[in-house]
Colleague: 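What follows is a single structure, and I will ask about it in a moment.
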Amino acid sequence: MAGQGVNSFSPPIQLDGSTQPVKVKLLAVRNKATGAPADELLQEFEMQTYKANVTPADSTLDLLYKKLTVEKRPVLSVNEIGGRIEVTSASSRVSPGTYTIDVEVSNIAGTRVVKDACDIVIRESAPYTLGYTAWSTSTMTGEVFTGISEPLNIKVETDVTGPNKIIFKFVDKNGTPFNPEAGEVYPRAFRGHFGLMNTFYKVVKTPTSLEWEYPPVFPFPLVSSTNGFLNYYRIDGAATDIGVNINPVFEIRFNQAGTHTVTVKLTNAVRK
């Protein structure tokens, strides 16, 4: 299964005891529902590809773009040695659906044509992938945790026509935003957060949000930080009517360009 616009790979072909090495040649691609040829999956498109793995050391745009190049690649290809299937980010140019392929497989023992060798599902990709979410409370001195709850109340909106920007908003149970510019929202110490994963642009603190620009390379963030892709933030207890810190945690990655607004609603407090 592959999401539109996301690079995806299969494992190598299952040999079932056959002699290695095995050479695989892609013969045909069809729409499984209609049986019609799906030659559009073999068409080549210009796309951004990696020359080498991106690591945390590639912390600037200059270093990042040294790892990238533009190539013409098909939506679907099968590696000649081993038979691994690749669906490239050019899949955003074709319709979602289920496709099947015919391949020619050969080794020292001979050659065989396998029809309908496997199904390839290209699904409509969500603009973002939201993973683990939770929140806790803790005392303002001594960091004594007084409660934990999950999941977090979180809403993500994407404007595909907007600039490449990611916006985090933290609002109280009435929808009133806390003020990062005034120090009411900040990353938790010694924990992962979005600023560590997007070193390409500095955070902009506004009275209602934390905002970052980002390079259009997906899924983004490209590399994780201290705690994987988890974001640990804190709403200072002095800004709440309950007088304790509130600690939201969430894991999120973005799959397409545009403006993504992530709104975290804290249902246990009102902003003072």
Colleague: Between Arg253 and Pro221, is there a donor-acceptor pair closer than 3.5 Å when you use the side chain of the first and the backbone of the second?
Modeller: yes

Colleague: So how far is it from Leu63 CG to Leu61 CG, rounded to the nearest 0.5 Å?
Modeller: 9.5 Å

Colleague: If only atom types and distance count, is the side chain of Asp58 paired as donor or acceptor with the main-chain N or O of Thr55 below 3.5 Å?
Modeller: yes

Colleague: Under the salt bridge (charged side-chain N to carboxylate O under 4.0 Å, His left out) definition, can you give me all pairs with a residue in residues 176-201, not counting sequence neighbours?
Modeller: Glu184-Arg271

Colleague: For Pro215 and Tyr65, work out which heavy atoms get closest and say how close.
Modeller: CB-OH, 3.7 Å

Colleague: May I ask you to check whether over 12 heavy atoms, not counting those of Lys67, lie within 6.0 Å of atom NZ?
Modeller: yes

Colleague: Okay, side chain of Ser106, backbone of Thr111: is any donor-acceptor separation there less than 3.5 Å?
Modeller: no

Colleague: What closest approach, in Å, do Asn7 and Ser89 show between heavy atoms, and which atom pair accounts for it?
Modeller: OD1-N, 2.8 Å

Colleague: For a 4.5 angstrom cut-off between non-hydrogen side-chain atoms, does Glu104 reach Arg112?
Modeller: no

Colleague: Does any pair with a residue in residues 100-155 pass ring-ring contact (aromatic ring centres under 6.0 Å, His included), and if so which ones, sequence neighbours excluded?
Modeller: none

Colleague: Quick check: are there more than 12 heavy atoms from other residues, nucleotides or ligands sitting under 6.0 Å from CD of Glu44?
Modeller: yes

Colleague: Any heavy-atom pair between the side chains of Val270 and Thr176 that's under 4.5 Å?
Modeller: no

Colleague: Ignoring hydrogens and geometry, is there a side-chain-to-backbone donor-acceptor pair from Asn227 to Leu230 under 3.5 Å?
Modeller: no

Colleague: So, Asn107 side chain and Pro21 main chain: donor-acceptor pair closer than 3.5 Å or not?
Modeller: no

Colleague: Drop me the distance from Leu26's CG to Ser77's OG, to the nearest 0.5 angstrom.
Modeller: 8.5 Å

Colleague: Taking Lys51 for the side chain and Lys66 for the main chain, is one N or O donor matched with an acceptor at less than 3.5 Å?
Modeller: yes

Colleague: Taking all atoms of both residues into account, what is the closest heavy-atom pair of Asn31 and Ala38, and its distance?
Modeller: N-CB, 4.0 Å

Colleague: Between Asp116 and Lys32, is there a side-chain N and carboxylate O pair less than 4.0 Å apart?
Modeller: no

Colleague: Run through the side-chain heavy atoms of Ile, Leu, Val, Met, Phe, Trp and Tyr, join any pair under 4.5 Å, and report what else lands in Met47's cluster.
Modeller: none

Colleague: I'd like to know if Phe200 and Tyr214 are part of one continuous hydrophobic network [Ile/Leu/Val/Met/Phe/Trp/Tyr, side-chain heavy atoms within less than 4.5 Å].
Modeller: yes

Colleague: Which heavy-atom pair separates Val24 from Gly83 by the least distance, and what is that distance?
Modeller: CG2-CA, 3.7 Å

Colleague: Please report the interatomic distance CG(Leu41) to CD1(Ile122), rounded to the nearest 0.5 Å.
Modeller: 4.5 Å

Colleague: Return each pair, listed once, that meets salt bridge (charged side-chain N to carboxylate O under 4.0 Å, His left out) where at least one residue sits in residues 70-84; pairs must be two or more places apart or across chains.
Modeller: Lys23-Glu80, Glu71-Arg73, Arg73-Glu86

Colleague: Any side-chain heavy atom of Leu152 sitting closer than 4.5 Å to one from Val264?
Modeller: yes

Colleague: Report yes or no: do Thr259 and Asn164 form a side-chain donor-acceptor pair below 3.5 Å?
Modeller: no

Colleague: Starting from the C-alpha separation in whole Å, work towards a yes-or-no answer on side chain to side chain contact (heavy atoms under 4.5 Å, CB included) for Met197 and Asn231.
Modeller: CA-CA 9 Å; Met197 292 180 270; Asn231 296 278; 3.4 Å; yes

Colleague: Using a distance-only test with no angle check, is there a side-chain donor-acceptor pair under 3.5 angstrom linking Thr267 and Asn153?
Modeller: no

Colleague: Given side chain to side chain contact (heavy atoms under 4.5 Å, CB included), test Leu68 with Val217 step by step and report yes or no.
Modeller: CA-CA 9 Å; Leu68 300 174; Val217 184; 3.8 Å; yes

Colleague: Is the closest side-chain heavy-atom distance between Leu266 and Asp172 below 4.5 Å?
Modeller: no

Colleague: Output yes when a side-chain donor or acceptor of Ser10 lies under 3.5 Å from a complementary backbone atom of Ile85, and no otherwise.
Modeller: yes

Colleague: The criterion is side chain to side chain contact (heavy atoms under 4.5 Å, CB included); which residues satisfy it with Ala182, sequence neighbours excluded?
Modeller: Asn179

Colleague: Give a yes or no on whether the backbone of Val160 and the side-chain of Thr158 come within a donor-acceptor separation of less than 3.5 Å.
Modeller: no

Colleague: About how many Å separate OG of Ser209 and CD1 of Ile167, when rounded to the nearest 0.5 Å?
Modeller: 6.0 Å

Colleague: For Lys205, enumerate each residue passing the salt bridge (charged side-chain N to carboxylate O under 4.0 Å, His left out) test, keeping only those at least two apart in sequence or located in another chain.
Modeller: none

Colleague: Got a sec, which residues hit side chain to side chain contact (heavy atoms under 4.5 Å, CB included) with Thr146, two or more places apart in sequence or on another chain?
Modeller: Thr137, Thr139

Colleague: Return the set of residues passing side chain to side chain contact (heavy atoms under 4.5 Å, CB included) with Pro56 (not counting sequence neighbours), or none when no residue passes.
Modeller: Val223

Colleague: Strictly distance-based, threshold 3.5 Å: is any side-chain N or O of Thr199 a donor or acceptor partner for the main-chain N or O of Leu196?
Modeller: no

Colleague: On a heavy-atom basis, which atom in Thr100 and which in Ala117 lie closest, and how many Å separate them?
Modeller: OG1-N, 4.4 Å

Colleague: Please report the interatomic distance OG(Ser91) to CD(Gln4), rounded to the nearest 0.5 Å.
Modeller: 6.0 Å

Colleague: Test side-chain hydrogen bond (donor to acceptor under 3.5 Å, both in side chains) on Asp159 and Thr161; report intermediate values, then the result.
Modeller: CA-CA 5 Å; Asp159 177 5; Thr161 66; 2.6 Å; yes

Colleague: Begin from the C-alpha positions of Ile166 and Tyr201 and carry the test side chain to side chain contact (heavy atoms under 4.5 Å, CB included) through to its verdict.
Modeller: CA-CA 11 Å; Ile166 291 163; Tyr201 295 93; over 6 Å; no

Colleague: Carefully, step by step, assess Thr240 and Ile235 under the rule side chain to side chain contact (heavy atoms under 4.5 Å, CB included).
Modeller: CA-CA 8 Å; Thr240 74; Ile235 288 76; 3.9 Å; yes

Colleague: Counting only heavy atoms not in Arg123 (residues, nucleotides, ligands), do more than 12 fall under 6.0 Å from its CZ?
Modeller: yes

Colleague: Centroid separation under 6.0 Å, is that true for the rings of Phe170 and Tyr233?
Modeller: yes

Colleague: Under 6.0 Å from the CG atom of Asn174, do we count more than 12 heavy atoms belonging to anything else shown?
Modeller: yes

Colleague: More than 12 non-hydrogen atoms from neighbouring residues, nucleotides or ligands closer than 6.0 Å to NZ on Lys202, yes or no?
Modeller: no

Colleague: Going by the ring-ring contact (aromatic ring centres under 6.0 Å, His included) test, which pairs reach into residues 248-272, not counting sequence neighbours?
Modeller: Phe168-Phe250, Phe254-His260

Colleague: By the rule that ILVMFWY residues connect when side-chain heavy atoms come within less than 4.5 angstrom, directly or transitively, which residues belong alongside Phe190?
Modeller: none

Colleague: Please collect all salt bridge (charged side-chain N to carboxylate O under 4.0 Å, His left out) contacts where either partner lies in residues 217-245, sequence neighbours excluded, each pair once.
Modeller: Glu143-Arg234

Colleague: Shortest non-hydrogen contact from Gly3 to Ser125?
Modeller: C-CB, 4.0 Å

Colleague: With sequence neighbours left out, write down each residue that passes side chain to side chain contact (heavy atoms under 4.5 Å, CB included) with Val171, or none if nothing qualifies.
Modeller: Pro177, Thr263, Lys265

Colleague: Quick check for you: to the nearest 0.5 Å, what is the distance between Asp119 atom CG and Ile101 atom CD1?
Modeller: 9.5 Å

